[in-house]
Amino acid sequence: MSNALVPFQAPAPPALVDGRGRPLRTAADVLTGEIAGPTIAGIRSIVSGHPAQGLDPYRLTQILRAAEMGEATAYLELAEEMEEKDLHYQSVMGTRKRAVAQLPIEVEAASDDPDHETDAQLVRDWLKRLTLQAELFDILDALGKGYSVTEIIWKTTSSVWLPETLKLRDPRFFQFDQVTGEELLLKGGLDGNQGMPQPLPPAKFITHLAPAKSGQPIRGGIARAAAWGYLFKNFTLKDWMTFLEVYGLPLRVGKYANGTSEGDIRKLAQAVAQIGSDAGAVIPQSMIIEFVKSDGGASNPEMFKNLCVYLDDQLSKAVLGQTSSADAKAGGLGSGQANLHGEVRHDIEAADAVLLSATLTRDIAKPIVMFNRGLRDAYPIIRIGRPDAVDVEQALKSMDEGVKMGVPIAVSFFRKATGIPEPKAGEQLLTAPAPAAPPAVDEKGDPSSGAKPPRSGLLVPFKPSESANRGGSQTPVAAAAGIDDREADAIDMMIAEGIGQLGGLDDQLLGKFGELIAGATSLVEVRELIAMRAGDIIDGMDVAAIVQLGERMGFAAKIAGLVAKPGE
């Protein structure tokens with residue numbers, strides 16, 4: 001049996017996988033470079049067709065069926081043209097995208113574990129970017145077309161790997177697989193010249209799906225349903241423009257006698273046409289031009305307008321779920337119908353935010369943590385949306401009652417309910433004022449008429465006083481009077497110095513009386529005890545020392561009264 005030592009082999013680390021379970025074995029040059037951009041000679045060209053030109057019901061049906069079969073180029077080009085040419089469609093789509101792109105964003109740690117909190121903070125720091133709102137707007141292009149693909153260009157350093165740029169790619173550069181119709185493939189592969197579509201590399205793209213209905217992703221875009229309204233509205237607008245070109249102008253009728261030559265007839269037709277623009281023409285005397293005034297009737301232009309308004313309303317419902325926010329309606333914004341429409345729009349906004357949150361968590365948060373922190377059992381969650389409304393007054397009342405009943409309430413819950421952040425070091429704080437001294441009472445135990453009312457218990461700003469900044473503190477007089485801090489004057493300084501020079505005399509003055517009063521049970525008994533034993537207490541005092549201190553303080557008071565400030 002051999003005793004040769006076998007070198008130790010460490011176990012292989014667990015494999016890193018992306019949000020779809022694919023191994024993260026992407027080369028660094030793929031992460032930092034651009035692989036889905038347009039090419040000159042390849043199949044990813046920026047040159048676009050214009051299927052909206054000459055569009056009719058038959059052509060539109062062909063375009064939509066081709067998209068179902070895997071050839072969606074014409075459909076995607078039509079969706080792009082619709083946003084360019086239909087002002088109402090562009091408006092409502094922009095409103096829906098911007099509503100979500102401007103929502104607050106929070107990153108929720110996977111747990112209270114310090115490592116999970118560090119993971120979440122890494123994602124929070126990355127989200128603090130000025131271009132984030134525009135990038136989210138581009139990602140939400142999926143609302144119209146059904147999907148959007150954004151390429152991530154990573155910046156890799158020796159300390160951290162983070163996405164540096166997010167670039168929206170033309171949806172025509174991608175297609176869904178023919179088997180499931182759910183996996184997006186890159187046309188032309190990584191170099192743009194390969195024939196067969198290739199799977200997307202992991203951690204390299206943000207693929208967002210925003211279906212307006214259930215079913216295949218390519219059939220879930222709003223543009224598919226809006227295309228029919230666009231077609232009919234386009235027909236109506238053309239008819240309306242043609243009608244308005246001649247509406248209100250008199251009808252020009254040219255008359256010629258029997259036997260008129262073909263050449264003269266052409267001259268008459270040319271003269272009739274010229275009258276429309278030149279307001280004048282020359283014709284032979286044997287020919288007549290009559291002007292027949294139009295009285296509207298069945299040609300009333302309101303019928304064109306009503307159809308366009310109807311189609312715009314249907315489009316508003318498809319995109320925003322209601323019509324009140326797109327066009328003013330009867331009843332005003334304060335009506336119950338408008339409030340109901342506002343709730344519907346909020347529901348759609350919240351649903352879009354949930355889908356976008358899931359996409360960013362899968363394609364951004366998880367790769368950032370994996371590349372920089374390693375494999376985790378759980379990852380931070382990016383949440384987009386408005387926080388739930390909280391009745392702060394009711395929350396404070398409930399917490400106050402709970403504390404009185406002995407219910408333990410965490411400070412973190414208080415801050416979350418009220419929205420008050422934790423103060424930073426060095427910040428000024430709000431503090432409750434010191435409790436006021438109890439009111440004075442007379443010999444009968446009743447409050448004295450001259451007693452000062454207790455101070456308010458409201459929170460007041462906490463800041464160092466001017467005297468404290470100069471090394472001083474609240475004066476004894478101010479403390480006794482229960483007033484706010486102020487700069488000490490000459491009298492205050494004299495009193496403070498005198499008290500400091502008592503040197504034990506205060507025990508002689510007050511100590512014996514304190515012991516005497518402590519044994520009394522009422523003010524009447526205190527008065528009787530002082531009358532009976534005050535003489536004995538005073539006889540035991542060092543009267544000479546007390547008199548000498550009083551003389552010095554009296555002299556100091558005279559000098560202090562002659563000056564305005566200490567030191568003058």
Side-chain angles (χ1 to χ4, degrees), residues 99-100 102-114 116-117 120-121 123-124 127-128 322 324-325 332-354 357 378 380-441 446-448 451-465 468 474 478-479 481-485:
V100 180
Q102 300 179 36
L103 290 175
I105 302 179
E106 294 182 354
V107 179
E108 179 182 315
S111 70
D112 295 334
D113 185 270
H116 286 163
E117 182 59 36
Q121 189 59 45
V123 179
R124 293 188 192 106
L127 287 172
K128 297 176 182 178
Q322 41 80 38
S324 295
S325 62
L333 295 178
S335 65
Q337 180 183 6
N339 294 335
L340 181 60
H341 285 189
E343 293 179 5
V344 172
R345 180 179 171 185
H346 175 72
D347 292 341
I348 294 177
E349 175 190 282
D352 290 341
V354 169
S357 299
I381 298 175
I382 298 177
R383 295 195 183 277
I384 303 175
R386 305 180 190 276
D388 295 333
V390 177
D391 189 341
V392 177
E393 182 177 357
Q394 181 62 37
L396 289 174
K397 183 178 179 181
S398 300
M399 284 186 282
D400 182 57
E401 294 296 329
V403 170
K404 291 179 180 178
M405 292 186 293
V407 178
I409 299 177
V411 176
S412 59
F413 177 79
F414 170 83
R415 297 194 181 281
K416 183 177 181 180
T418 60
I420 300 175
E422 184 175 356
K424 299 178 181 178
E427 286 187 323
Q428 291 186 348
L429 305 178
L430 295 178
T431 60
V441 295
D446 298 327
S448 173
K452 185 176 180 179
R455 299 173 64 193
S456 172
L458 294 177
L459 294 177
V460 296
F462 171 80
K463 58 182 180 179
S465 63
Q474 189 180 29
I483 62 176
D484 293 334
D485 289 352

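Everything numeric in this text was worked out from a predicted model, so none of it was measured. Side chains included, hydrogens not; waters and symmetry mates left out as well; all remaining heavy atoms used.
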Margin query: Please enumerate all residues that pass salt bridge (Lys or Arg N to Asp or Glu O under 4.0 Å) together with Asp113, with sequence neighbours excluded.
Written below: none
Notebook entry, point to check: Hey, mind stepping through Arg124 and Glu106 against salt bridge (Lys or Arg N to Asp or Glu O under 4.0 Å) and telling me if it holds?
Noted result: CA-CA 8 Å; Arg124 293 188 192 106; Glu106 294 182 354; over 6 Å; no
Margin query: Using only atom types and a distance under 3.5 Å, with no angle test, would you say the side chain of Glu427 pairs donor to acceptor with the backbone of Lys424?
Written below: yes
Check: Counting heavy atoms not belonging to Glu401, are there more than 12 under 6.0 Å from its CD?
Finding: yes
Next item on the list: Find out whether Leu396 and Asp400 are in side-chain contact, i.e. whether some heavy atom of one side chain is under 4.5 Å from a heavy atom of the other.
Entry: no
Notebook entry, point to check: Which pair of non-hydrogen atoms, one from Ala353 and one from Ser357, has the smallest distance, and what is that distance?
Noted result: O-OG, 2.7 Å
Next item on the list: Quick one: pull up OG1 in Thr418 and CE in Met399 and give me the separation to the nearest 0.5 Å.
Entry: 6.0 Å
Notebook entry, point to check: side-chain contact (heavy atoms from CB on, under 4.5 Å) between Ile105 and Ile382: does it pass, once the steps are laid out?
Noted result: CA-CA 7 Å; Ile105 302 179; Ile382 298 177; 3.8 Å; yes
Margin query: I'd like to know whether Val107 forms a side-chain contact (heavy atoms from CB on, under 4.5 Å) with Arg383, so could you lay out the CA-CA distance, the side-chain angles of the two residues, the decisive distance to 0.1 Å, and finally the verdict.
Written below: CA-CA 6 Å; Val107 179; Arg383 295 195 183 277; over 6 Å; no
Next item on the list: Determine the minimum heavy-atom distance between Ala110 and Ala378, stating which atoms define it.
Entry: CB-CB, 3.6 Å
Next item on the list: Quick one: pull up NE2 in His346 and CD in Gln322 and give me the separation to the nearest 0.5 Å.
Entry: 13.0 Å
